[in-house]
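Heads up: the structure comes next, in structure tokens.
Quick note: residue numbers are just sequence positions, from 1.
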Amino acid sequence: MRNLRLLRAGGCRSAAATGTPQCFCLGAEPGTVLVGSQYGLVELRSAGDSVSREVSLTVDGFLPEDGSGCIVGVEDLPEQESVCVATAAGDILLCNLSTKQVECVGSVDSGLSVMSWSPDQELVLLATGQQTLIMMTRDFEPITEKQIHQDEFGEGKFIALGWGKKETQFHGSEGKQAAHRKQTEVLPTPAWDDGRPRVTWRGDGQFVAVSAVCPETGARKVRVWSRELVLQSTSEPISGLEQALSWKPSGNLIASTQEKPNRHDVVFLEKNGLLHGEFTLPFQKGQVKVNEMLWNADSTILAIWLEDLKVENSNTNTYVQLWTAGNYHWYLKQSLHFGSLEENQLVSLLWDRENLYKLHILCQGWHYLFYDWHWTTDHGLGENSQHMANVAVIDGDKVLVTAFQHAVVPPPMCTYELQLQQAVNQVAFHTDPKHSGDMAVLDADNRISVYRYGQSTVNDPTVNFGAVGGNGFRAAVETPYLDKTYRVDVSSGSNEVMNPLGLRFLTWLPDDTFLVVGQGQHAAQSVLHHLTAVPHVAGAEEECLNLRLSVPVDGEVISLYSSPVTKTVALQLTDRRILKYLWEASTPVLEPWQSSSGSAVQFPYRCVQISITRISDEEVILGLTDRCRFFVNDIEVASNITSFATYNEFLLVTTNSHTCQCFCLKNLSVKALQAGLSSAAAPNSETLRKVERGSRIVTVVPQDTKVVLQMPRGNLETIHHRALVLAQIRKWLDRLMFREAFQCMRKLRINLNLLYDHNPKVFLENTETFIRQIDSVNYINLFFTELKEEDFTKSMYPSLNGSSSTHPRQHPDQKKVNLICDVMRAAMEHIDPQKYCLSILTAHVKKSPPELEIALQKVHDLRESVTPDVQAVSAEEALKYLLFLVDVNELYDYSLGTYDFDLVVMVAEKSQKDPKEYLPFLNALQKMETNYQRYTIDRHLKRYTKALGHLSKCGPEHFSEFLNLVKDQNLYSEALKLYPSSTQEYKDISDAYGEYLIQKQLYEQAALILARAGIFAKALGAFQSSGSWQQALCMASRLGYTKDKLSSLARSMAGKLVEQRKHAEAAILLEQYTQDYEEAVLLLLEGALWEEALRLIHKYDRLDILETNLKPAILEAQKSQLIFLDSQKTAFLRHKSRLQVVRELKEKACENLQDYEVPNCPELELFSETSSVVTASDMTSKYSHSNSRISARSSKNRRKAERKRYSLKEGSPFEDIALLEVLGESVRAVETVKGEIHILLKQLVLFGYDEQAGALQQVLEEVLQLMETSVPEIWTPDLQQSSVSLVLGPNSTANSIMAAYQQKRMVPPAVQDPEVLTPPKFSKNLQWKLHLLQ
């Protein structure tokens, strides 16, 4: 779908040179051409108009003075710094243009007709006058000589496998008579054929093809030779084969021409000499002759030089045509008409080797021209007319237009074609967005034909339907009509040199004026012509375009773009500067394009495609070079872009990595665009999608989501780029166009949750609009079934421009799906409950949990309704639909739960169940009493709570069944609610419940339940088991226990309390209920409850107990506390000093290993006394293994294992942690006894043991002081810090761990319980010291 657009044209005219040019080649320096004439060699430069250097060959007698000499070949040899020239007389000369020296390196007596160098300039092939071929090396040493005309076929001769004769073969559509047909006579070459051999090399230089006239038949034959001049193959006899010959550089075909009985064809031969494909030239048979054909270097363009055959009394016209192939169709893309003047006749043409699309042409009047082409796609530029996605393809005198808005028609077909009088060279679409389908077509006669849509009602005969019309189908596509044809005349005088394609970059401005670029006075200067249509003058043959003004441009224009959106016109010059043409001004002027910073924009490289768009509201110019470099103003944003297109605020690009990326430019900076293009986007990002290899963007269809791509072969592919699709859907949803959005989402598989998630508030407010617009039960059901809880604007479709439309959730407490189901259901019930019956059912089922009962009830109501509505859904249908949503067995259970047997049967019939299964069961149920029937159903459905409710209403005869069910299913609390507390049933249930709780060892709760129901005896036992002695005594009094019974109960309970070390409570029981105060006092002394013991002693006036029991007990307690404190102190000191040693060893180990830089080094936890190195990783592996074995055991064992993990054994890996743990425990133990010692001190002072009290107080003070001062040394600050942020752990990274090690910080091991690393706290609140002892 691409055309060739002329980027620049130029050339020169030399008046000084003598003679007429005969052949030419390109010089090694860019812009130079070497021309051979009958007098010598001339070098022309395209920059100047004069001959720069020349070498005369007549002086040394290589060419005759009279001008009858002929040069048959010229080749520039840069490595030898000379030019090789072959003369018809047979001399091969090397000419040096700088020194003017000429050296003859060889001579052939019979003369030369052709000299052809291989593409690598290693070999040269000469055709002599004696019809022989001579192959020579680059140093002109002959390799071999062969006759041109050979009798045998060559090395590639076909091998007959002997599979039958020609007569018995299958001949396809020709039928059997084909076998008996005689070989047609091969006609001799036409009269105009010059009879000289033609030579062409394959692109890699391995083979050479020679076309020569056969002396026997007089027809041409093509032979393929190898580099060593070994014949490979000979062409089949081809009648009417002509002289032109060119081997496609890619190597698969050799092009020539053939005159057929009714047409003139370009034919292709394979290397084996067989024909393979052709296309027809647009001329009558015998109208033209083809002089030469040339492929460009990448085999995409075939240039053909044609000339009219002689007509009486008139000069012949000359043409150059450029043909390209796409999708197996040959298009004539450009046609250059050189007129009929003698001096404009062509001498030769050549393609450039470096610049693939540059064509060099030499005319007889020493007029040299070059044309620089590039590929472009001509497409409509608007966004709001109905003809906006049209693409025009030039094919000779036709323009093939494809309207992608309506249908994607693959080339070479089209929607319609415009037939013109002459070959077309340019197509321009109107840049006014309202008329973006209108076209202006510039043909080879410099006439502009204007095609418009709209007003005309008559069908235009020059517009024919392509793929869409005919065969009785009515085409829905509107076609344009030819409005006017204008002649363009911008030449200032008639003495101008003939220059085909003198006008380029035809642009149709929004005000119906035209811009074209022409050649200026000097070579490197262009002129911008602004043309306007003049009113038609009566009598004039054709209308003309008036030149409004010409603006000279300082430099050559190589591209021009007019933006339909911003109406700006930008030009790029050869020096890559960008100019802006202010055409709307009263006197239009050119000024440099400036970026937002105020500097003039200049592309770093020449761009072949430019475009204008807005990025963050700044107008920028985009450029793409032929080497895939992409620029925004002068900033290179990517170097792998193969094509790009802009649409609204979007930029679409295809890349070398076969992806198509789409960017929203609204809130995007150039930096962000650069980053987006350079990095691979996230896999589920909507900006990127994979495309087929080599795809290029043809066009984007506006107000749709289609992007049309073309593959290298020429076929089209339509993609819907996710970014465009979502942008379009968001626009539709903002405009409340739910129908369009829904259809697009359904077609392109976009998750329908977006309808709600895009803006929940708006959706909920417009639910009725949504339902009325979609108006399809199936579509609404589809919407329901796709609903999910997640917010898709955050997960699957985050907004492109970063400003994610975070609309607050309407009802954050409610689930999204339930909310939508409820709102939609209400709306549907309001609009038309009959019509949307199935959707309403779906809304019930989709909720979580599903409301299946309500849904079934609705089906049942449908069944019951007496007057069935015509439109209403039948109950059958509704049920069938429900079964589609819900598993039939589940639905059967739910229908049973409605206790409606009709419904059950209805569902069961639809299921795969056997009637023998369910009918007896249903019959049995129907015979039962209602409540018992419901109970049976509920029990069958395992709905035990409901079953209990129904069973409780069945009367006392079923109570045993009720109780069994309660016990089986542990439904005690539910059962208790069903009976009043005064009833016997309530008591029985409570009794069972109490037993159940006792089994579970929940004695106190069991006792409460039993006591509440008045079962006091059992309650007493339960209270006793739970240790609630007060409640047990209450129960005993309820049971009316005697004094003795109470006493023994109290004594047994006191014994239990003592076991639990609850001495005070045991003493109360003994004193109050057994009157045994002596025993009570002894218990209090045992529990060190001195003050309470004193109270009882004085209450019962037994002061003798003071001497016998109390004082000895106090002194004993003082001794034991002293021993305890002493042992704690010694242990504390021992562990503290060991910790110091362990830490020093560890520091040393780390430093030693740091010198060797062992990778594992800092992880070393320890060095033991025997200095054996133990690394943490080894130890952890050992420990983790043992732990994994333990993990199957009980949690008690696990805790024991954890404790064992930090072993105090010297040299164990976590010894320092174990020491910390033990030291912490010591401190906490001393803290705990402070309170006890305080009470003890008061008793000692009371009984006058001041000395003992003082000693105890002093020891405790010393121990506490020691511990308080030691804590900061043991729990160092960096240890506490590390306990806050462990170096190793789930949140650490490799870098953070390394950084910690580099600081040589003493890394703590990965400790399971961080509290080991935190220092113990001292309580300052308790004033335990006695002042009077100080």
**Request:** Assess whether side chain to side chain contact (heavy atoms under 4.5 Å, CB included) is satisfied between Val102 and Asn96, documenting all intermediate values.
**Result:** CA-CA 6 Å; Val102 180; Asn96 189 314; over 6 Å; no
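Checking side-chain atoms of Thr257 against main-chain N and O of Asp265 turns up no donor-acceptor pair under 3.5 Å. Without hydrogens or angle criteria, Gln22 side chain to Ile71 main chain gives a donor-acceptor distance under 3.5 Å. Checked by atom type and distance alone, the side chain of Ser113 never pairs as donor or acceptor with a backbone atom of Gly129 at under 3.5 Å. Proximity of a side-chain donor or acceptor of Lys248 to a complementary backbone N or O of Thr300 within less than 3.5 Å is not detected.
Side-chain polar atoms of His374 and Thr376 form no donor-acceptor pair below 3.5 angstrom. Side-chain contact of Trp305 with Tyr319: a donor-acceptor pair under 3.5 Å is absent, judged by distance alone.
Residue pairs satisfying the salt bridge (Lys or Arg N to Asp or Glu O under 4.0 Å) criterion with at least one member in residues 342-369, sequence neighbours excluded, are listed as follows: Arg13-Glu343. For residues 207-217, no pair satisfies salt bridge (Lys or Arg N to Asp or Glu O under 4.0 Å), with sequence neighbours left out. Sorted by first and then second residue, the salt bridge (Lys or Arg N to Asp or Glu O under 4.0 Å) pairs involving residues 189-206 (not counting sequence neighbours) are Asp193-Arg220, Asp194-Arg198, Asp194-Arg220, Arg198-Glu292, Arg202-Asp204. For residues 98-134, the ring-ring contact (aromatic ring centres under 6.0 Å, His included) pairs, not counting sequence neighbours, are Trp117-Phe140.
With sequence neighbours left out, the salt bridge (charged side-chain N to carboxylate O under 4.0 Å, His left out) criterion links Glu103 to no other residue. Checked against salt bridge (charged side-chain N to carboxylate O under 4.0 Å, His left out), Asp626 has no partners two or more places apart in sequence or in another chain.
Ring-plane geometry between Trp375 and Tyr357 is classed as perpendicular, the angle between the planes exceeding 60 degrees on a 0 to 90 degree scale with a lower cut at 30.
Counting heavy atoms from C-beta outward, Gln426 and Arg5 have side chains that stay 4.5 Å or more apart. Two residues are said to be in side-chain contact when any heavy atoms from C-beta on lie closer than 4.5 Å; Ile361 and Val320 meet this criterion.
Nearest heavy atom pair, residue Trp201 against residue Ser116, reads NE1-OG, 2.9 Å.
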